[in-house]
Structures are given as structure tokens and as C-alpha cells.
Amino acid sequence: MMTHMKMLKTTLIASLFCASAFAQNPDKALARVRYTFSHLRDTTQRDNFYTENMLLVVGKNASVFTSYDKINRDIEMRKQIEEQIKNQAGGPTSININRTSAKPITAIDYFYFVNENKFYTKDRIISSYLIEEEAPKIAWKISKDTASFSGVKCQKATARFKGRNWIAWFAPDLAFQSGPWKLNGLPGLIIEAHDDKNEVKFQFAGIDKVESDNKAKDSEQPVTMANGSTGIVKIGGMDAESYLSGEIKLPSDAIKTTQKEIDKLKEARDKDPQGFMNAQMAARGINSNVSVSSRVVTAPGGPKKMVINNPIELPEKK
């Protein structure tokens, strides 16, 4: 066990020394676009689609695509934690988090910076990790076909991308080059998109303008405990709420890494979840007497493990 902990600490400390030094400036958020995401993950059950509510925040130069369900879950968890801390007279020793659903939520977020032609994949494994790459170039073919989605006039485009034939509907009147997931590069916001087999769908669920006086949400709010003392609650990697602010920006404490390193971290986490959390905190020089336990309130029998034999990205046929 001690050797395993040392290996975890070594890996994490090495990653932390590569902490972010990203050149992308924050961009003003102008609109939030909501999508219903549907994905046939298991082809042996063709009537069983995974679904999730997603959110695309767009600005003049940048965008971020994330799970709306994740944002709402983070808000719920933060309220639980802050309420428990308020009710404890001294330094908290135990925090219990109850979730009403065991449904998996997409942990990965996608940042796109148009002018810099940069694309960032953010993964959350307690801390936030970023993979930087050139923005994917999609060879779209724009047709003359038009359609309207909830009153938004759109034009059709098709492309072969990541092993699938995509059909997208973009709005020329909404001059954003972004879209859901990794889909981008059209002369207008991508309102809807699906592959030609209808196994992956991003369906338009609404768009909201971001008010100019919308101030950024601070994820480190002071909390007053039962004994009257005040402190800051900082929860590593729990930054989804920031996407409801007036800015689009990369997380300031993100760690630059590679997909290979992320895969190693996930393997270590799955083998020893508590040891992994302790190593994360130790690597950051954090000593804590806080014990955090999480419990999912589910129906008898528990959740079934989801089979994924049909990922969004497929290998190209040779």
C-alpha cells in the first residue's frame, strides 16, 4: 500500500509541475445554447438510448461545451456541503453527500478558441486536467437545404468526421463558429446535428442571451459555521458552476497533460479511490481532517453497468 501511495504521489506531483500556462484570454459569454444529447451506446439494445442535457456557452472568439446535468449536480452537492459545514461548530470532520441518481454524467468539457485555432479537452479527476491540441478541421459541404428549429432558420451541412457521417443544421444569422461536442467551423452556430445512422444526436432545446451585467460566479464563497467563524470552501475540480458566469475561460488551476497520463490517473483512481484522493491532496500540499463520503440513493438492486460498444468517435475504415 505504501509503495502504491508513493507511486500515486510521484505521478500527481509530476503532473502538477506542468500546471497550466495557457495563453488564451477569457472571452465574454454572449449566449447559452441548450441541447438534448442522445447516444446509442450499446448496439445490442437499439431502443435504449443514453440521454443527457448539455450546454454550449458561446462568445465572439471562444466556446465551452459541457453537461448541464453536471452543473446542476455540482450546485446540489455544494449546497449539501456548505449546509453541513455551517452546522458544525469547529473544523469539519465528516461530510456526507447524498445523490438521488446514479446516472453517469459526462465529466469532459470542450473548449474552442477560434482565433488561436486551439481546442482543449478538460477532464475532471478530482483536479482539472487539460489536453491542448489544434482545433479539428472538418471538411463541411454546405447544401441549399433549409429548415427551422423552434423558429431559428438553419441551413444544412454534411461532413465525414471521427468515423461518422454527420448532418448538421447551422444558423447563418447567429455568427458563431461553434457547435456541440467537437463540431465546429461552419459560418453560423450549429443548432442541431446527428450522424446518418441516428445513433448520436444533439437536438436543440433552446437559446438564452447572456445579460451584460451577469457577474462571474465565485466558486469559493465564505461560509459561516455554527460557532460564528468564517472560512472559504474550496472543492477541487468542482468548477462547472463557472459556466453560468459572464465569461468563457480555462480553469486557472488546470493541469496540462496528455490522454495517456489521464488514462493512468483513472486507472489509479479506480484501483484505490480513497488513496487516490489522499494522494491528490498531498501532492497539492493540503493536509485535511475532513472525511468525505458519497452515497447514491437508488432503487433496490442498484444501477446496471452501462455497456459502451459504440463510442461517439469511431475508427476510420481503411
Requested in this report: Go through Lys264 and Glu267 one step at a time and tell me if the salt bridge (charged side-chain N to carboxylate O under 4.0 Å, His left out) criterion holds.
Outcome: CA-CA 5 Å; Lys264 287 182 180 179; Glu267 183 180 356; over 6 Å; no

Requested in this report: Report the C-alpha distance between Leu130 and Thr257 in whole Å, list the side-chain angles of each, state the deciding distance to 0.1 Å, and finish with yes or no for side-chain contact (heavy atoms from CB on, under 4.5 Å).
Outcome: CA-CA 6 Å; Leu130 281 176; Thr257 189; over 6 Å; no

Query raised in the report: Does the pair Thr66 and Leu56 meet the rule for a side-chain contact (heavy atoms from CB on, under 4.5 Å), with working shown?
Result: CA-CA 6 Å; Thr66 187; Leu56 175 70; over 6 Å; no

Requested in this report: Tell me, with the steps shown, if Lys122 and Phe111 meet side-chain contact (heavy atoms from CB on, under 4.5 Å).
Outcome: CA-CA 8 Å; Lys122 192 202 91 172; Phe111 289 84; 4.1 Å; yes

Requested in this report: Verify side-chain hydrogen bond (donor to acceptor under 3.5 Å, both in side chains) between Glu116 and Asn61, making sure each step is shown before the conclusion.
Outcome: CA-CA 9 Å; Glu116 296 84 354; Asn61 176 55; 3.2 Å; yes

Query raised in the report: Going through the checks in order, is the side-chain contact (heavy atoms from CB on, under 4.5 Å) test met by Tyr68 and Tyr243?
Result: CA-CA 9 Å; Tyr68 208 1; Tyr243 301 150; over 6 Å; no

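With rounding to the nearest 0.5 Å, the separation of CD1 in Ile207 from CG in Leu189 is 5.5 Å. To the nearest 0.5 Å, atoms CD (Glu261) and CD1 (Ile131) are separated by 10.0 Å. Going from atom OG of Ser143 over to atom CH2 of Trp169 covers 6.0 Å, rounded to the nearest 0.5 Å. Between atom CD of residue Glu192 and atom OG1 of residue Thr36 there is a gap of 9.0 Å, rounded to the nearest 0.5 Å.
A 4.5 Å side-chain heavy-atom check between Ile190 and Phe204 finds every atom pair outside the cut-off. Using a 4.5 Å heavy-atom threshold, the side chains of Pro187 and Gln177 count as separate. No side-chain heavy atom of Asp270 sits under 4.5 Å from any side-chain heavy atom of Pro273. Between Thr158 and Trp140, the closest side-chain pair of non-hydrogen atoms is not below 4.5 Å. Taking the side chain as every heavy atom from C-beta outward, Leu186 and Asn184 never approach each other to under 4.5 Å. Taking 4.5 Å as the limit, every side-chain heavy atom of Ile191 sits out of range of all side-chain heavy atoms of Phe202. Using a 4.5 Å cut-off on side-chain heavy atoms (C-beta onward), Tyr110 and Tyr120 make no contact. At least one side-chain heavy atom of Leu174 sits less than 4.5 Å from a side-chain heavy atom of Val152.
Under the 6.0 Å distance and 45° angle rule, Lys156 does not count as a cation-pi partner of Phe170. Under the 6.0 Å distance and 45° angle rule, Arg269 does not count as a cation-pi partner of Phe276.
Between the side chain of Asp27 and the main chain of Lys60, a donor-acceptor pair closer than 3.5 Å is present. Using modelled atom types, one side-chain atom of Tyr50 and one backbone atom of Pro104 make a donor-acceptor pair closer than 3.5 Å. Between the side chain of Lys249 and the backbone N or O of Asn25, no donor-acceptor pair lies under 3.5 Å. Without hydrogens or angle criteria, Arg32 side chain to Leu244 main chain gives a donor-acceptor distance under 3.5 Å. Without hydrogens or angle criteria, Asp195 side chain to Trp166 main chain gives no donor-acceptor distance under 3.5 Å. With hydrogens and angles disregarded, a donor-acceptor distance shorter than 3.5 Å links the side chain of Arg164 to the backbone of Ile312. Using modelled atom types, one side-chain atom of Asp69 and one backbone atom of Asn53 make a donor-acceptor pair closer than 3.5 Å.
Nearest approach of Gly59 to Ile248, heavy atoms of both residues: N-CD1, 3.4 Å. Shortest non-hydrogen contact noted between Lys70 and Ala107 is NZ-O, 3.1 Å. In terms of heavy-atom proximity, Val210 sits nearest to Gly246 at CG1-CA, 4.4 Å. Nearest heavy-atom pair across Val114 and Tyr112 is CG2-CE2, 3.7 Å. For Ser128 against Pro251, the heavy-atom pair with the smallest separation is CB-CG, 4.4 Å. Here the shortest heavy-atom pairing between Ala29 and Ser245 reads CB-O, 4.1 Å.
Looking only at atom types and distance, the side chain of Asp145 has no donor-acceptor partner in the side chain of Gln155 under 3.5 Å away. Looking only at atom types and distance, the side chain of Ser67 has no donor-acceptor partner in the side chain of Thr106 under 3.5 Å away. Checked by atom type, the side-chain pair Thr43/Asn309 shows a donor-acceptor distance below 3.5 Å.
Centroid-to-centroid, the aromatic rings of Phe161 and Trp181 come within less than 6.0 Å.
Checked for salt-bridge contact, Arg124 and Asp109 miss the test: no charged N lies under 4.0 Å from a carboxylate O. Using a 4.0 Å cut-off between charged side-chain N and carboxylate O, Glu76 and Arg73 make no salt bridge. Here Lys118 does not pair with Glu133 in a salt bridge; the nearest charged N to carboxylate O distance is not below 4.0 Å. By the 4.0 Å N-to-carboxylate-O rule, Glu313 lies close enough to Lys182 to be salt-bridged with it. A salt bridge links Arg160 and Glu316; the closest N-O separation between the charged side-chain nitrogens and carboxylate oxygens is under 4.0 Å. Using a cut-off of 4.0 Å between Lys/Arg side-chain N and Asp/Glu carboxylate O, Arg34 and Asp208 are scored as salt-bridged. Looking at Glu247 and Lys28, no side-chain N of the basic residue comes within less than 4.0 Å of a carboxylate O on the acidic one, giving no salt bridge.
In this structure, Leu314 is not a member of the same hydrophobic cluster as Ile138, with clusters built from ILVMFWY side-chain heavy atoms closer than 4.5 Å. The hydrophobic clustering, which links ILVMFWY residues whose side-chain heavy atoms are closer than 4.5 Å, places Phe149 and Tyr35 together. Under the 4.5 Å side-chain heavy-atom criterion for Ile, Leu, Val, Met, Phe, Trp and Tyr, Ile105 and Ile75 are members of distinct hydrophobic clusters. Both Met54 and Phe119 are assigned to one and the same hydrophobic cluster, defined by single-linkage of ILVMFWY side chains at heavy-atom distances under 4.5 Å.
Using cut-offs of 30° and 60° on the angle between ring planes, the pair His39 and Phe37 is tilted.
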